[in-house]
Protein chains: 2
Amino acid sequence: MGIDILKSKLKEHGKRITPQRIVVYNTLKESTIHPNAEELHQEIIKKHPNISLATVYQILNLFEDELRIVKSISTNHIKHYDIRSEFHIHTICPKCGEIEDIYSDKIKLFWENLIEELRLKPEDQIIKIYQVCSACSKKKEI
Amino acid sequence: MGIDILKSKLKEHGKRITPQRIVVYNTLKESTIHPNAEELHQEIIKKHPNISLATVYQILNLFEDELRIVKSISTNHIKHYDIRSEFHIHTICPKCGEIEDIYSDKIKLFWENLIEELRLKPEDQIIKIYQVCSACSKKKEI
DNA sequence: CTCCGTGCAAATGGTTTGCATCTTA
DNA sequence: TAAGATGCAAACCATTTGCACGGAG
C-alpha cells in the first residue's frame, strides 16, 4: 500500500528506491508519536542497526522538501515529523512538549471557509494550539 | 505607553528594569518585519552599540517564556519574534521565508467559535499559512 | 558500469552558558 | 550593598556537509 506510493513518488522525482528510504517511510507510518530525527533513528536501528543518523536527516529532508510526503513541526529547536496527509491540527503541551493530533470535520470546514474568505491559496498550513496536556494538568504544581 | 506595560510586567515577575530590556522592547515594537535575534541585534546596535547578542537572546527568552509578551515563529531553525498581541495569523513564503501578518475580525470570530465548539482551552496558538509571496511569484522560474 | 545514496566524522551556526564585571533596587 | 543583569567567549547540540565507499538502475 503505502510503499507503492513512496516508490512512485521517488520515481516521479528521479530518485532511487533504497532500503533506507523504505525503512524511514515505514517507521514514520507506524509511529504513534511525532518523532524527531533522533527518535526516529533510535526506533529504526532496533531492526536496522546500520542506518546512520545523517542518512535519516537526509531522507527526512528529501521527504519534506522534494517529495512533500512529510511535514515538520518545530518545538524549541527540534523538528518533529508528521506523515499524516489528512487535514488536522496539533496541540502542543507547553510543559512537556507532547504533540497530539486533532482531526475534525468542523476544523476542516472552518479552514476551508477561512481561506476562501481571505482569498488565499495556501500550499500548506500549520495550526498549533498550545494547551497543557491532560497528564501535565494532573501533576501538582509546587 | 508601551513601556509602562513592560515595566509593570517586569515588576510583577520580580525582574529589574534595565536599559537593554527597554531597548529590545521598543525595537521590537517599532519593527515592521518579524526579526530574528540577529536582525534585532543589528537594528539595536545602530543606536546602542554596547548591547551584546547574548543579552538580546536572554531578553527574548524572558519576554517569551516568563513575561509572555512576545511569541516566536520558527522558520527553518531560526526563531522570528512577534510582539503583536492582537489575534492574527501568519503567511510564510516557502521560497524566501518572508512572514506577513493577517488581521481579520472574521478569522478571530471563526477561531473563537471553533475553540468553543471543540472545548479547547488554548493558552496560545500559532496559525501559519505557507504561500508564495507576491514578490517571489513575480520572479520567473528557470 | 555509472552515478546516486550512504556512512562516517568533521564542520556549521543559531542559541545557551560560565564567569567576571557592572547595575538596579 | 547584595542579588540580578550584562558582555564576552567558549560550549552546546541539532543539523548539514565532504568525501570515500557501496549499491541501484
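Below, all heavy atoms of this structure are taken into account, side chains as well, without hydrogens, waters or symmetry copies. Quick note on labels: first sequence line is chain A, next is B, and so on, each numbered from 1.
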query = First contact, last contact: which nucleotides of DNA chain D are these for chain A, 5' to 3', heavy-atom distance under 4.0 Å?
reply = D/dA14 to D/dG25
inquiry  = Under the rule for side-chain contact (heavy atoms from CB on, under 4.5 Å), what residues qualify as partners of A/Ser52, not counting sequence neighbours?
reply    = A/Ala54, A/Thr55
request  = Note down the inter-axis angle between the two ends of the helix from C/dC1-D/dG25 to C/dA25-D/dT1, five pairs each, to the nearest 10°.
outcome  = 40°
Candidate pair B/Glu64 and B/Lys79, rule side-chain contact (heavy atoms from CB on, under 4.5 Å), full reasoning = CA-CA 11 Å; B/Glu64 182 174 21; B/Lys79 277 182 165 184; 3.4 Å; yes
task = Tell me yes or no: between the side chains of A/Glu43 and A/Thr27, is some donor less than 3.5 Å from an acceptor?
result = no
key: Which atom of B/Ser137 lies closest to which atom of B/Val132, heavy atoms considered   = N-CG1, 3.7 Å
ask   = Under 4.5 Å between any side-chain heavy atoms of A/Glu38 and A/Val56, yes or no?
value = no
5' precedence on DNA chain D between B/Lys15 and B/Ala54 (nearest-nucleotide basis) = B/Lys15
request  = Using heavy atoms to find the nearest nucleotide of DNA chain C for A/Arg16 and B/Glu38 separately, return the residue whose nucleotide is more 5′.
outcome  = A/Arg16
task = Extract, from 5' to 3' on DNA chain C, the first and final nucleotides lying under 4.0 angstrom from some heavy atom of chain B.
result = C/dG14 to C/dA25
message = Working to the nearest 0.5 angstrom, can you tell me the gap between B/Ile92 CD1 and B/Lys128 NZ?
response = 4.5 Å
Touch class at under 4.0 angstrom, heavy-atom based, for B/Asn61 against every strand present = sugar-phosphate
ask   = Same cluster or not: are A/Ile102 and A/Tyr81 linked, directly or through other Ile, Leu, Val, Met, Phe, Trp or Tyr residues, by side-chain heavy atoms under 4.5 angstrom apart?
value = no
request  = With sequence neighbours left out, write down each residue that passes ring pair (Phe, Tyr, Trp, His ring centres under 6.0 Å) with B/His90, or none if nothing qualifies.
outcome  = B/His34, B/His88
message = Taking the nucleotide of DNA chain C with the nearest heavy atom to each, does B/Ala37 or B/Thr18 sit closer to the 5' end?
response = B/Ala37
task = With the side chain counted from C-beta on, respond yes when B/Gln42 and B/Ile45 share a heavy-atom pair under 4.5 Å apart, and no when they do not.
result = yes
task = Could you check whether B/Asn50 gets within reach of a base, just the sugar-phosphate, or nothing at all, counting any heavy atom under 4.0 Å?
result = sugar-phosphate
When the side chains of residues 108-117 of chain A are checked against the rest of the protein, which donor-acceptor pairs come out under 3.5 Å, sequence neighbours left out?
from     : atom 1 : to       : atom 2 : distance (Å)
A/Trp111 : NE1    : A/Gln125 : OE1    : 3.2
A/Asn113 : ND2    : A/Leu109 : O      : 3.4
A/Glu117 : OE2    : B/Lys106 : NZ     : 3.0

ask   = Name the one of A/Ile126, A/Ile73, A/Val70 that satisfies side chain to side chain contact (heavy atoms under 4.5 Å, CB included) with A/Asp82?
value = A/Ile73
